[in-house]
Amino acid sequence: MTTRRLALNAAATVTLLYLLTPLIFVTWLAFFRQEIPSFPPEGYSLHWFAAIFDEPKFVSGFTLSFQVGALATAIGLLLGVPAALCVTRFQFKMRAPLASLLLLPLIVPGVVLGTAMYVFHVNLENTLDVDVLGTFYALVAGHVVIVMPWVVRLVTTSLAGVDRTTEEAAQNLGATAWVTFWRITLPAIRPGIVAGALFGFVTSFGNLELSLFLVAPGHTTLPIVILQYLEWKIDPTIAAVSVVQILLIAIAMLITDRYVKLARIV
Amino acid sequence: MAELQIQKLVKRYGDFHAVRDVSLTVADGEFLVLLGPSGCGKTTTLRMVAGFIEPTAGQVRLGGTDITSLPPWKRNAGMVFQSYALFPHLTVAQNVAFGLEMRKAARPEIDKRVEETLALVRLEGYGGRLPRQLSGGQQQRVALARALAIHPDVLLLDEPLSNLDAKLRQEVRVEIRELQQRMGLTTVMVTHDQEEALTMADRLVVMSEGSVRQVGSQRDLYERPADRFVAGFVGRSTFLDGTVEAPGRFRTDGGLSLTCAGGQVSNGGGKASLSLRPERLEVAAAPMAGLDNCLPGTVEFVSYLGAMIDIHVRLSPADRLVVQIANREGGFTPDVGQTVHVGWRASAGQVFNK
Ligand SMILES: Nc1ncnc2c1ncn2[C@@H]1O[C@H](COP(=O)(O)OP(=O)(O)O)[C@@H](O)[C@H]1O
Ligand SMILES: [Mg+2]
């Protein structure tokens, strides 16, 4: 019994280390004093963090990524929650195909998705004779596609755990279908919605492949800024930027976890 | 409170009849129990009254108004669900207040009514708790309070006691019944537990395979069951299979010729069952006088139930009866293998077509 337990703990530790090693090294690197990332470090310093702000592209990239992520998440919720309800609650002919379709963007490679969207935007622009390609809203629309599967998936899981008789009880007590949704169903699926929003936002914020096809030159998201920076030089600024990102996501997760236990939903 | 009328109610799922042509009237203030084995359509009937299932045909009238096509939220019916269906994120008081809020009652009025209703189900001081902080019995009372708070025209109970342990169930039966009588609530309860049904009901409806088999008081169902199913389902019965030879004459498959109450079914020699109540049969070591039937037999099995003793007696290779005797001090208790005599009056039995 104890040996089995030991083996299990060892396996868990190895897996965790495997996942964490790159993060640990990046974080370590961000504090090196020397410019060329080589071991052992010559000393430690915080000046790479200050260097982030000397590069306006990092700041504007961060701002854009944040705006796109926030807006795409909001729209993703507005579309994803009703879609999840529709797929779990109603019986109709195209139910199963629709359910799969809603999760498809999780499986399709980002490059394929990006190409498809690029072609679509070009056609849209030609047909409608308006600016589409490279606009902020086109970028947001693209990100909605990758946010929505998370919302649909996590809300669907939440909905499966809702006791339908509580909804009937509400209607029995005089609540219309709409009031029942707001007062009974929505509170019950709130953890799924919060988790879906969080994962959707993180996915959008870190997305590279899709954005590559949709951004306008000179006005790009943070992951692209990082990629472009790396083409010119490798110094610990990149590591510092990564650390800031990791911290932000960790904080978001910790705050979320205070309200809904993520481990129970995902 | 109001009178509930169910008229020719039918529910079909494809070719399957869940409820066939059920008609019932529940008088103002009456406690009606739908009793039947699992799957006989009790819940479906109740849910059609509540408005959760749309009937294939038929009508539901409450207080004289046709409510068949009204959505659940426009019917003033209070329902207690088998699983209680309490709102997990709301406190006990908020659960009970829910229906009143939906009716747009004023806050002071709501608070007053919640307090009254919680007192009614003996849950004073529990208003601030969440459902998961309550025991099963307490949750059940919250569910009841929530349904009562809206002053429903009819109270609907779907197996409300099935999730309670045996001892608590007995107490709650009496509690619910007393509350119902005190408030004069028109009530329909669904159960498959005959003891529960007999304890609580003013009148019972026995259902089987979607149809009503018999409606009546406890005494009606017990003394005059309408068919073999009711005879077997309400109270206990022991059956002898055979045919009706002539009015008042029953021949068992084992060849015994018995006297049965005259004027009962004579189906031209078709298969029939003679149904007897085990506690109406008498057993003795010697033949008994003054009974219409008295037959020798061999004791095959004895089960000792405390207050009662069941004795299984074989009368012929094809006929076996269960006799129930009271466990009196110094009473006659035969042993397995012993030869005994079993007797009964013709009026103790009833013949049904098979
Ligand atoms: N939605 C449904 N589709 C098909 N059959 C159903 C449906 N709901 C109930 N039934 C069937 O109808 C019958 C009666 O069900 P129900 O009213 O729940 O029985 P009970 O008397 O145990 O409460 C059962 O045989 C059940 O399988
Ligand atoms: Mg049922």
Side-chain angles (χ1 to χ4, degrees), chain A residues 77 81 84-86 88-93 95 151 154-198 255-266, chain B residues 43 46-47 49-53 70-91 94-105 110 113-114 117 130-132 139 142-160 163:
Chain A
L77 285 177
V81 174
L85 273 167
C86 191
T88 39
R89 290 299 170 82
F90 301 116
Q91 282 301 328
F92 51 96
K93 214 163 151 199
R95 202 189 67 86
V151 176
L154 293 169
V155 172
T156 305
T157 312
S158 263
L159 273 171
V162 176
D163 178 3
R164 294 298 299 272
T165 58
T166 57
E167 294 174 348
E168 289 180 346
Q171 300 198 350
N172 177 255
L173 293 167
T176 58
W178 183 242
V179 172
T180 302
F181 176 74
W182 278 106
R183 297 273 319 253
I184 307 301
T185 317
L186 199 59
I189 60 172
R190 190 166 289 145
I193 294 176
V194 171
L198 177 73
I255 292 173
T256 311
D257 200 60
R258 275 189 66 103
Y259 296 100
V260 298
K261 287 280 159 248
L262 290 176
R264 257 194 245 152
I265 300 160
V266 186
Chain B
T43 297
L46 200 72
R47 289 168 62 80
V49 174
F52 299 127
I53 297 179
L70 288 184
W73 54 87
K74 288 193 179 154
R75 308 178 177 205
N76 197 30
M79 180 139 172
V80 175
F81 293 80
Q82 187 169 4
S83 59
Y84 312 143
L86 298 179
F87 308 133
H89 60 293
L90 300 183
T91 63
Q94 287 167 336
N95 264 275
V96 178
F98 191 88
L100 301 167
E101 285 168 14
M102 293 303 120
R103 281 160 180 71
K104 310 254 184 306
I110 294 178
R113 189 94 72 85
V114 168
T117 318
L130 285 172
R132 65 167 173 274
Q139 290 182 11
V142 176
L144 185 63
R146 189 175 66 175
L148 291 178
I150 60 169
H151 290 179
D153 290 328
V154 61
L155 181 64
L156 307 174
L157 309 167
D158 188 358
E159 312 248 4
N163 288 331

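Chain letters run A, B, ... following the sequence lines, proteins first and then strands; every chain starts at 1.
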Taking all non-hydrogen atoms of both residues, which atom of [X] and which atom of [Y] are closest, and how far apart?
X        : Y        : result
B/Ala85  : A/Ala169 : O-CB, 3.8 Å
A/Thr165 : B/Ser83  : OG1-OG, 3.4 Å
B/Phe87  : A/Thr166 : CE2-O, 3.2 Å
A/Glu168 : B/Phe81  : OE1-CE2, 3.6 Å

Residue A/Ala170 versus chain B: region with a heavy atom under 4.5 Å: both
Contact leader toward chain A among B/Gln82, B/Met79, B/Lys74, B/Arg75, where contacts are heavy-atom pairs under 4.5 Å: B/Met79
Hey, which of B/Ala50, B/Ala77, B/Ala143 has the most heavy atom pairs under 4.5 Å with chain A? B/Ala77
Rounded distance [0.5 Å steps], NE2 in B/His89 versus CZ in A/Arg183: 7.0 Å
Atom pair OG1/CE of A/Thr176 and B/Met102 - distance to nearest 0.5 Å: 8.0 Å
Minimum side-chain heavy-atom gap B/Phe98-A/Ile184 below 4.5 Å: yes
Given heavy-atom pairs under 4.5 angstrom as the criterion, report whether the side chain, backbone, both or neither of B/Leu156 touches chain A. neither
Honestly, the part of B/Arg146 sitting under 4.5 Å from a heavy atom of chain A is both
May I ask you to decide if B/Pro72's main-chain N or O and A/Asn172's side chain share a donor-acceptor pair within less than 3.5 Å? no
